[in-house]
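Quick notes on the structure that follows.
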Amino acid sequence: MHVKTKTTAASAAKTDLLVLVISGDAKSLAFPDGYTDAAKAARSAGDVPTDFRATCSLYPAGNANSKRLLLVSAGDAPTTERLRQVAAIAVQHAKKVKAKDCVLGLDDSLLDACKHLEDVHIGRAIGEGIVLGAYTYVAPSGKKRDPAATKSVLVAAGAGKLRAGIAHGLDDGALRGASTCYARDLANRAGNLITPTKLAAEAKKLSGPSIRYKALTEAQMDKLGMGSLLSVSRGSSEEARMIVLEYTPKASGGATSRRGTKKGKQQTLLVVGKGLTFDAGGISLKPSASMDEMRYDKCGGVAVLGLFHAIQSGAVTPKHRVIGVVPASENLPDGNANKPGDIVTACNGTTIEVLNTDAEGRLILCDALAWAIKTYKPDACVDLATLTGACIVALGHELSGAMGNDQKLIDEVIDAGRRADDPCWQLPLLDVHKEQMKGTYADLKNINSPKDGNGSTAGGAFLSYFVGDTPWVHLDIAGTAWNQKAKDYYQSGGSGAGVRVLIEWVGSR
Ligand code: BES
Ligand code: ZN
Ligand code: ZN
């Protein structure tokens with residue numbers, strides 16, 4: 001989907017579909033030529049939409065630049081999230097009516113109601129909404145996207161010139177949206193289409209002048225003592241990989257601080273994502289209903305790749321060095337698989353009782369975190385993982401769970417998620433949770449007692465043993481990584497959750 005901007009008024013463009021986004025009662029709305037009668041009828045019938053998401057279709061009589069007009073309301077109080085949603089409604093309508101192209105006009109009533117928002121944020125939200133709303137999964141079989149689909153959306157002001165800040169934001173949002181769609185495509189691929197080695201091959205494609213790629217093989221991980229990760233992979237005939245992407249900013253030697261006064265020290269930011277390409281649960285086998293959804297267990301890793309896609313495309317240009325690490329493995333039952341009670345040793349020497357082989361995410365992440373922190377000595381670390389079903393019980397599908405060891409960093413990440421409308425909600429990480437993870441026959445166990453009652457925070461507490469003093473935030477994206485139902489700019493399937501949090505976080509740090 002191409003998002004283009006146009007400086008002349010929306011109604012001047014020839015198009016299959018003109019969409020005007022309005023707010024409030026849009027009394028001052030000047031209907032384009034050809035729509036005078038239709039507009040009068042719509043006004044007198046009270047059909048000009050005022051409620052958020054409401055729409056009205058109109059057809060011209062006589063000469064008009066557009067074949068049809070859709071009015072869509074952003075409601076009385078537009079937010080960036082609402083703008084993203086109405087932009088998605090517009091492109092989905094274009095798809096429904098098989099419009100080859102579409103012009104999206106931002107009416108004055110909308111721009112007046114958006115005075116509390118910065119222009120770049122208005123544009124960004126709309127750009128993202130267009131690209132995300134138009135997304136459809138295409139299998140990697142080489143089959144092309146639907147040739148009848150809308151190929152481009154031209155965004156213009158309803159009247160007058162589109163403001164430069166909005167136009168800039170639109171380009172930015174289209175790029176961010178494309179990186180989120182890239183993550184969705186990878187997320188949606190079935191377990192046999194994306195194995196750990198295939199995920200590594202995808203990551204390699206992101207390398208370039210400023211991004212270096214490498215992937216540790218099982219033999220290399222064995223030498224590094226990653227017995228925890230390898231114990232998960234042992235039940236699978238597919239080889240595990242530790243994928244590493246390393247971004248180095250062009251002008252190194254100290255970035256200017258955000259206030260622009262003194263030079264700040266260049267930092268190293270570490271992002272780690274769970275890349276379980278398929279989680280059957282291992283010997284603690286999952287029930288078969290909906291087991292295919294465990295293709296989404298790689299979504300933390302896919303979000304990390306989404307961030308590097310955004311860096312590669314220029315959607316974000318971090319000031320700091322960014323290291324992306326994706327431990328990738330399958331979790332299957334097999335004669336070599338972990339058995340409940342087995343004791344494994346992580347690369348930092350910590351021993352772990354595997355009491356439930358389905359709590360495997362933490363077993364691969366602990367080696368990834370301990371190794372990457374020791375190797376890259378980051379100033380801050382964020383990990384993302386579809387770690388616990390319990391996070392869905394706690395927060396549903398709208399919010400990712402955030403926990404960590406450094407309140408300042410937790411606030412920073414949650415704030416980045418709020419600005420990106422990719423929201424996260426803090427869960428506690430208490431000493432008592434850490435205590436719960438102490439083992440009987442080893443240093444730690446990979447699950448707490450069912451009597452404890454807490455699930456997500458147990459996962460977070462387990463991981464906390466592998467990050468030392470490094471400021472660290474763990475995002476549990478089990479509830480947000482994919483959707484059962486389509487809504488606004490989400491289709492059913494992979495959502496790309498976490499990509500926009502990461503872009504916003506590394507971009508603002
Ligand atoms: N990948 C799952 C978590 C998950 C479950 C994500 C449902 C999304 C939807 C993870 O590996 C897992 O199985 N976790 C267990 C942990 C338990 C054994 C302590 C869970 O949540 O049941
Ligand atoms: Zn599992
Ligand atoms: Zn899992």
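The structure presented is a predicted model; accordingly, all values stated were derived computationally and were not measured. Counting starts at 1 for both ligands and their atoms, following the listed order.
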Could you report the tightest heavy-atom contact between [X] and [Y], atom names first, then the distance?
X: Arg362; Y: Leu387; value: N-CD1, 3.7 Å
X: Asn454; Y: Asn448; value: O-ND2, 2.9 Å
X: Lys445; Y: Phe462; value: O-CD1, 3.4 Å
X: Ala303; Y: Val499; value: CA-CG2, 3.8 Å

Examine all N, O or S atoms of Asp358, backbone included, and report whether one is under 2.8 Å from the Zn ion (ligand 3). no
Measuring to the Zn ion (ligand 3), does Lys274 have an N/O/S atom at a distance below 2.8 Å? yes
Should you measure from each heavy atom of [X], which atoms of ligand 1 turn up under 4.0 Å away?
X: Ala478; answer: 6 (C), 8 (C)
X: Glu360; answer: 11 (O)
X: Trp482; answer: 8 (C), 9 (C)
X: Thr388; answer: 3 (C), 21 (O)

Between Lys298 and ligand 1, which residue portion shows a heavy-atom distance shorter than 4.0 Å: side chain, backbone, both, or neither? neither
At under 4.0 Å between heavy atoms, which part of Lys286 makes contact with ligand 1: side chain, backbone, both or neither? side chain
One thing to verify: whether [Y] and [X] come together as a salt bridge, which I'm taking to mean a side-chain N less than 4.0 angstrom from a carboxylate O.
X: Arg176; Y: Glu504; answer: yes
X: Lys408; Y: Asp411; answer: no
X: Arg234; Y: Glu218; answer: no

Which residue in the set Thr357, Asn338, Asp358 passes side-chain hydrogen bond (donor to acceptor under 3.5 Å, both in side chains) when paired with Ser284? Thr357
Do any N/O/S atoms of Glu360 come under 2.8 Å of the Zn ion (ligand 2)? yes
On a heavy-atom basis, I'd like to know which of Thr357, Asp297, Leu387, Leu363 is closest to atom 10 (C) of ligand 1. Leu387
Atom 20 (C) of ligand 1: of Ala359, Gly389, Gly361, the nearest heavy atom sits on Gly389
Can you find a protein heavy atom under 4.0 Å from atom 22 (O) of ligand 1? no
